[in-house]
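Worksheet: one structure, shown below.
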Amino acid sequence: MENNNRKLARILSRIADFLEFKGDSIYRVNAYRKAARVIKDLPEDIKELHSKGKLGSIHGIGEKLREKIGQYLEGGTIKKYEELKREIPEELIILMDVPNLGPKTLRLAYEGLGVRNLNDMKKVIKEGTLTQLPGMGSKKVKKIEKGLEIFLKGQDRMLLGEAIQIGERVLRHLAPHASNLSIAGSLRRMKETVGDLDILGVGGKEIMEAFVQIPGTKEVLAKGETKASIFLEETQIDLRVIREKEWGAALQYFTGSKEHNVHLREIARDKKLKINEYGIFAIEGGKKLGGAKEEDVYKALGLAYISPELREDRGEIEAARDLTLPTLVEYHQIQGDLHTHSQWSDGTATLEEISLEGKKLGYQYIAVTDHSKSMKIAHGLDEKRLEDQIKTIRTINAQGKGAYLLAGIEMDIHPDGTLDLEPDILKELDWVVASVHSHFTQDATERILSACHSPWVHCIGHPTGRIIFSREPYPLDLEKVFKGAASTGTVLEINAHQDRLDLMDIHCRKAKEMGVKVAIGTDSHHIGQLWMMRLGVGIARRGWLEAPDVINTYPLKDLLAFTKRKRKGG
DNA sequence: GCCGTTTTCGGCCCGACTGTTTTCAGTCG
């Protein structure tokens, strides 16, 4: 369902690049970029919205773009896009994504030196002809060359889970030298992937010194009084030293998102106010109205405080104005993990270890959900072994040393929609997750729906099947899945493993709207992965979920009562 | 190209940094 949205968003964004290259109005360019972003963020298929005539209600898409979207849905492309491609080589326009190389420089190179693609660009850099262009010196060429390197390496983003670990390592190093310290940027917003890391600190010169000496630093890219950048292994990290009285304004500013901040500044302008990274000011007279606390910024604009995870300009500003923001689920409300693997299948931990580690984490319970028999490479459990495992789990629970273990399974859903295990054994289990693990190219909608209709299945694991950076979701009509889950009382998983984060944030929000509950599970294969629950909570928060929407905020007794309800047919 | 109980036309966020400028353009976040 997202395929249409993503493809259309890419075309619109490409049109924006073409227009910017041509020197068209930057406002028109931005209109295309905004539309592209809004469409990418939509939880439902643009085709559906179009056919229902609901495109008109989307802010940022007007008459002309509606018409162009119609062209795309009917013919798979947009006339204007095709014309632009004929006029200017798309190979050239793609170079707009090269850091430090913008539309003006690119156009100069195109018109002045006949650069038409990546190879041409490499050539004029190597031969030194690029410096012949007006306003182009050797330093600029160096920067572009460096940008090209990053561009060619391709993957300049990392997984949220990796970013958190690097970020916290940096914080630990800086903590002794700073009176205040925080992560900002997309990592603070818990975006599923992160580019650069932004760190803010209050302190003197020592903090800067400590920063550029963090073990693992490969290169110091810049170092001034208030800002420094380093390459820590493969990651660029920016540190900004802030004054205490400007802390809130800076934290707000550097947390973003850019779109969220732009929207805030529009509101500020209407209120005759100005926001920047130093504070919030009256335009007339310049009187400072605040900036020490992040809340100051929102308060001055007549808005409730908005949690970082919501700051994507997806309606949170309107909700803050109307006091309809959700009370987001919090990590400390999580009572247990609902997806783990032990050495009984392809994990490394023993059942005892899982139980004890759960207790350490403050959990009441942990579900052991090893693979079922079809997953032969994962040493999946057949009925007999599962029966043994259930007995072992009950014995461990009787000892009462650790967190309560829920006897569970992550059971395959066969391509024809049938389940991998018989009801006789499923009825013995506390928690049944059903997942798609094969035939990824066929449409999985009916397959998942038939699992939802089984009274034995509590939850659908990693519902879309995507793996970040490596595997697309299987073809799926998520809206139908949400409907089926809602009508059968089936829970959908937020798989919190850093490689999956599936459902995604926008799906969570849609699921909630449609009356579906979610379960967060880490899919841990050893106990060193259980911490990823934090990532799942981050995604839930980005999806506007509240504690009652997430069933592993329920105490054990309530959770068990909840799981029994489906078996009794509601 | 979008949008509006301040506007259907004239606006459209804000600042830092860098380089190559003799006063500012380009790029970034």
Side-chain angles (χ1 to χ4, degrees), chain A residues 12-13 15-16 18-21 23-39 55-69 78 80 95-109 130-144 146-147 150 156 184-189 194-198 200 221-229 236 238 240 242 246 249-250 252-281 283 297 301 311 313 317:
Chain A
L12 292 176
S13 157
I15 291 177
F18 272 114
L19 294 178
E20 191 179 18
F21 176 84
D24 205 327
S25 152
I26 192 63
Y27 301 111
R28 181 176 290 119
V29 171
N30 283 339
Y32 274 97
R33 296 229 162 100
K34 183 173 181 183
R37 173 179 64 86
V38 168
I39 288 166
L55 277 184
S57 58
I58 301 175
H59 193 92
I61 297 177
E63 179 130 15
K64 291 190 174 157
L65 275 166
R66 257 204 307 285
E67 203 272 319
K68 290 185 171 71
I69 291 167
I78 293 172
K80 182 162 184 156
L95 296 182
M96 297 254 295
D97 292 337
V98 175
N100 306 321
L101 180 59
K104 309 284 179 183
T105 312
L106 196 59
R107 178 139 178 219
L108 270 178
L130 197 58
T131 50
Q132 293 167 6
L133 295 173
M136 185 62 62
S138 64
K139 285 191 177 172
K140 270 194 179 179
V141 173
K142 263 265 148 29
K143 279 181 91 169
I144 293 171
K146 195 140 204 173
I150 294 169
D156 60 343
S186 54
L187 177 52
R188 183 161 181 249
R189 303 200 311 278
V194 174
D196 300 347
L197 262 60
D198 291 298
L200 264 50
L221 298 166
K223 183 179 166 228
E225 297 243 318
T226 63
K227 185 186 161 183
S229 298
Q236 182 174 336
D238 298 339
R240 285 160 217 270
I242 308 295
E246 291 163 353
Q252 198 290 318
Y253 182 89
F254 289 112
T255 296
S257 67
K258 188 180 167 189
E259 291 79 10
H260 175 89
N261 285 354
V262 166
H263 195 158
L264 288 187
R265 294 197 285 263
E266 282 168 5
I267 293 174
R269 174 174 34 83
D270 293 345
K271 290 184 181 290
K272 308 256 184 279
L273 298 171
K274 190 174 72 170
I275 312 170
N276 56 30
E277 57 264 57
Y278 305 111
I280 180 148
F281 305 89
I283 288 178
V297 178
L301 299 180
R311 299 181 195 169
D313 195 27
I317 292 172

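Within every chain, numbering begins at 1; the chains are lettered A, B, ... in the order of the sequence lines, protein sequences first and strands thereafter.
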Given the [atom1] atoms of [N] and [M], what is the spacing between them in whole Å?
N: B/dC2; M: B/dC13; atom1: P; answer: 16 Å
N: B/dT21; M: B/dG26; atom1: P; answer: 13 Å
N: B/dG1; M: B/dT6; atom1: P; answer: 28 Å

A/V262 has its side chain closest, among B/dG15, B/dC13, B/dC17, to B/dC13
Ranking B/dC14, B/dG1, B/dG29 by distance to the side chain of A/L65, first place goes to B/dG1
Whole-Å gap separating [atom2] ([N]) and [atom1] ([X]):
X: A/D198; N: B/dG29; atom1: CG; atom2: C1'; value: 8 Å
X: A/Q252; N: B/dC14; atom1: CD; atom2: P; value: 14 Å
X: A/D238; N: B/dG29; atom1: CG; atom2: C1'; value: 10 Å
X: A/E266; N: B/dC2; atom1: CD; atom2: P; value: 15 Å

Check the interface with nucleotides 21-26 of chain B: list each N/O to N/O pair with the protein under 3.5 Å, or write none.
residue: B/dG26; atom: O3'; partner: A/T105; partner atom: OG1; Å: 3.4

For residues A/F21 and A/L106, report the shortest heavy-atom separation together with the two atoms involved.
CE1-C, 3.8 Å
Determine, stepwise, if the pair A/I280 / A/L301 fulfils side-chain contact (heavy atoms from CB on, under 4.5 Å).
CA-CA 9 Å; A/I280 180 148; A/L301 299 180; 4.2 Å; yes
Assign A/K227 to base, sugar-phosphate, or nothing according to its heavy-atom contacts below 4.0 angstrom with the strands shown.
nothing
Nearest-nucleotide comparison on DNA chain B, the residue closer to the 5′ end among A/N261 and A/S138:
A/N261
Atom pairs, N/O to N/O, protein against nucleotides 3-6 of chain B, distance under 3.5 Å?
residue: B/dC3; atom: OP1; partner: A/G60; partner atom: N; Å: 2.7

Close side-chain approach of A/F281 and A/N276, heavy atoms under 4.5 Å
yes
Answer with yes or no whether A/Y253 presents, from its side chain, a donor or acceptor under 3.5 Å of a partner atom in the base of B/dG15.
no
Between the CZ atom in A/R66 and the CD1 atom in A/I61, the distance rounded to the nearest 0.5 Å is 8.5 Å
